Amino acid sequence: MDDQGQYAKLFNDIDSQALITLGVILASTILLIIASQRGLNWVANRLHGQVRFRVFALVPLTRLIILIAALAIAVPIIIEPSLRNMVTLLGAIGLAIGFALKDYVSSLIAGVVSAVELPYRPGDWVNIEGTYGEVKHVGMRTVEVQTPDDDLVAVPHLKLWDSAIYNANNGGTSLQCVASFYLHPAHEAGWVRKALRDVALTSAYLKFDKPIIVVAEEKPWGTHYRIRAYPVDPRQQFLFVTDLTVRGKAVLSAAGITPALLPPDAALDARGAAL
Amino acid sequence: MAQGSTNAALSPWDVVALDTFQTPERTQASQWRRSWRAATTWMIGREASERQAKQESELRALPEIKLAHVAPSIDWRPAAARLEQALKPYHDAPVVLFISPPHGGHSAVVSHWAAQQGADCLTVPTLKELIDGNLAWVDSATQTKHWAIPALERHFLRHTHGLQGVRELFERALSGRLGQSVIGCDSWTYAYLQHAVGLEGIPVLTLQGVEGEQLAHYFSQAAGECPTVYSTRTGKLILTSESDQKAVFKELQRLAAHCRGHLGIAWHYWRERLREPAEDVDADDQQSEKAQPDSSQELWLLDALADAELPADTGDVATLLLHTLLIHGGLEDQALKHVLPFSDHEALNARFALARRGILSSQQGRWQVAPLSYASVRQLLESRNYLVDPL
């Protein structure tokens with residue numbers, strides 16, 4: 001009888017006024033979250049440069065703040081926020097999560113961590129377990145990544161715990177691009193190096209406050225050149241690499257430099273070549 | 001004596017080293033105002049965001065003959081004379097650069113300087129020579145020991161072969177083999193070539209930014225008889241023959257800040273945004289017939305910020321085209337396909353769209369950012385992390 005009374009004391013009396021208040025809090029929270037998410041995304045998509053990334057970073061953070069505020073208002077309406085009550089409630093919730101919703105809640109918690117640590121934010125170009133693309137939306141449970149092939153991939157936040165997150169621009173506007181050229185070994189390397197540097201210098205997409213580096217590496221089948229440079233905007237990366245490749249090929253071809261031809265039994269390690 | 005020193009202080013022809021160039025007071029405030037105006041125009045519409053003391057419909061453009069008296073073309077010869085004085089400390093430098101922004105007069109100044117000093121101006125290479133990497137025009141510099149290039153932007157192309165000429169020229173010039181020279185250069189071209197060719201160690205001169213008071217002095221001196229000019233924005237006097245009215249400089253300071261202190265651009269504003277009351281049509285027709293304009297009549301200056309503006313959502317194609325035109329000091333249509341990563345059709349389409357909106361203007365077949373759009377284009381490119389000029 002006493003136990004029953006104690007459990008009954010855990011929750012406040014939920015009368016119609018409390019229900020209306022909770023309903024208003026819930027509706028306001030949903031509306032505020034939708035308005036803030038859409039509004040901030042709308043504003044950020046119309047901005048450029050560093051400001052765009054700063055506004056994007058506010059999207060998950062704003063949602064987190066709204067949720068915390070809503071919980072802070074709603075919880076005292078439902079339960080008496082004493083230490084004993086809170087321990088009882090959190091214990092019960094922990095038990096339920098531990099058995100049934102472990103991964104789901106782990107993703108939610110990782111989502112909160114991602115809003116604070118910012119391993120990715122909308123506008124960033126990330127690689128998570130082989131999925132490369134632009135972060136379009138950081139949700140509560142997942143991060144949505146749009147790949148260059150226009151696929152929208154939802155990656156659970158819980159990957160944060162045990163996977164490496166490669167972020168190519170990390171909330172900034174500088175994203176290094178690499179254009180590769182595989183040349184026959186019989187050529188004047190110094191000339192090629194200068195010519196490829198000029199190819200980068202004359203690209204309309206080039207960001208000038210970052211270095212241009214031409215890397216040459218001798219391979220058994222020829223010479224592998226890479227132009228490492230930065231486009232003005234990370235979204236121009238594929239256009240930039242294409243521009244470098246097309247014009248680089250034209251310059252090298254005009255100079256009579258032939259591409260490397262792999263022997264039939266040799267396999268090019270594409271992963272190693274791109275590094 | 002005091003009058004002479006005052007005139008010297010108010011002269012807009014102060015040639016200074018690039019690192020001592022200063023934009024006028026309130027330049028930053030002018031940029032914020034432009035951003036604020038763009039935001040309010042977007043939110044409440046152009047009409048509401050442009051509350052004016054005098055409506056544009058009550059005014060009309062000045063007849064050409066009157067404009068020629070009130071705002072005659074800039075005579076850059078005094079600047080050329082000041083350039084010669086400024087060159088004295090650099091008598092042992094094989095090359096000195098004189099830079100100015102688009103419409104800033106570097107070509108005219110260096111041409112006048114070359115004529116005054118008897119220096120030969122190098123021939124301008126053709127588009128084909130630049131694309132082929134032909135260095136014949138560089139060889140013409142070896143014919144003389146005293147030479148000049150009025151507009152370096154005509155001597156290069158952002159193309160894999162288009163940099164060879166300027167590289168070769170600077171290599172020969174800096175070795176001292178070509179004697180001494182002065183090279184006029186667009187400030188955007190200078191910014192680009194600094195990265196592409198490397199111009200460290202070459203002295204760079206420019207015209208110091210003008211303040212509102214200097215603009216008032218220049219405009220009143222340039223007109224035969226100083227006109228009385230009011231602002232359509234405030235309805236207040238901004239230029240008068242009575243020289244002791246300090247308060248009138250405020251509006252011209254706003255213009256100077258909007259133009260980043262560049263006299264050439266301010267002059268375009270002055271010339272294209274001066275208006276006269278529309279009701280005096282008959283009287284002015286009679287004056288035009290007599291060809292004796294009355295410059296004492298009241299004139300009005302339209303708000304400098306109400307110029308051809310770029311929307312914030314300007315696309316990448318337009319932005320890349322604008323940047324390309326700026327770093328080349330303007331380009332002909334047939335050159336666009338060689339310097340832009342688009343097809344000929346796309347480039348021309350973008351050029352046509354910008355020209356139709358008044359963002360671009362053509363001079364002798366070369367398309368360049370129009371003077372009245374320059375400030376907003378520069379601000380847009382800077383906000384998007386493009387390379388911008390140092391002025």
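Residue numbering restarts at 1 for every chain, and letters A, B, ... go by the order of the sequence lines. The model shown is predicted, which means the values in this text are computed figures rather than measured ones.
- Options B/Thr324, B/Leu340, B/Thr160 differ in how many heavy-atom pairs under 4.5 Å they form with chain A, and the most are formed by B/Thr160.
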Could you walk me through whether B/Tyr192 and A/Thr202 pass the side-chain contact (heavy atoms from CB on, under 4.5 Å) check?
CA-CA 10 Å; B/Tyr192 175 71; A/Thr202 52; 3.7 Å; yes
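- The number of heavy atoms from other shown groups lying within 6.0 Å of CZ (A/Phe238) is above 12.
- Atoms CG and CG, on A/Leu239 and B/Asp316 in that order, are 8.0 Å from each other to the nearest 0.5 Å.
- Remark: B/Arg167 engages A/Asp198 in a salt bridge, criterion side-chain N to carboxylate O under 4.0 Å.
- Between B/His195 and A/Phe208, the ring-plane angle classifies as tilted under the 30° and 60° cut-offs.
- For chain A, no part of B/Phe156 is nearby; none of its heavy atoms comes within less than 4.5 Å.
- Other residues, nucleotides and ligands place more than 12 heavy atoms under 6.0 Å from the CD atom of A/Glu218.
- The nearest pair of heavy atoms linking B/Leu320 to A/Ala204 is CD2-O, 3.3 Å.
- Of the two parts of A/Val199, the backbone and the side chain both hold a non-hydrogen atom closer than 4.5 Å to a non-hydrogen atom of chain B.
- Counting heavy atoms from C-beta outward, B/Asn385 and A/Asp233 have side chains that stay 4.5 Å or more apart.
- Residue A/Tyr132 qualifies as enclosed at atom OH: its count of foreign heavy atoms under 6.0 Å is above 12.
- Each of A/Thr242, A/Val232, A/Asp243 has some count of heavy-atom pairs under 4.5 Å with chain B, and the biggest count is that of A/Val232.
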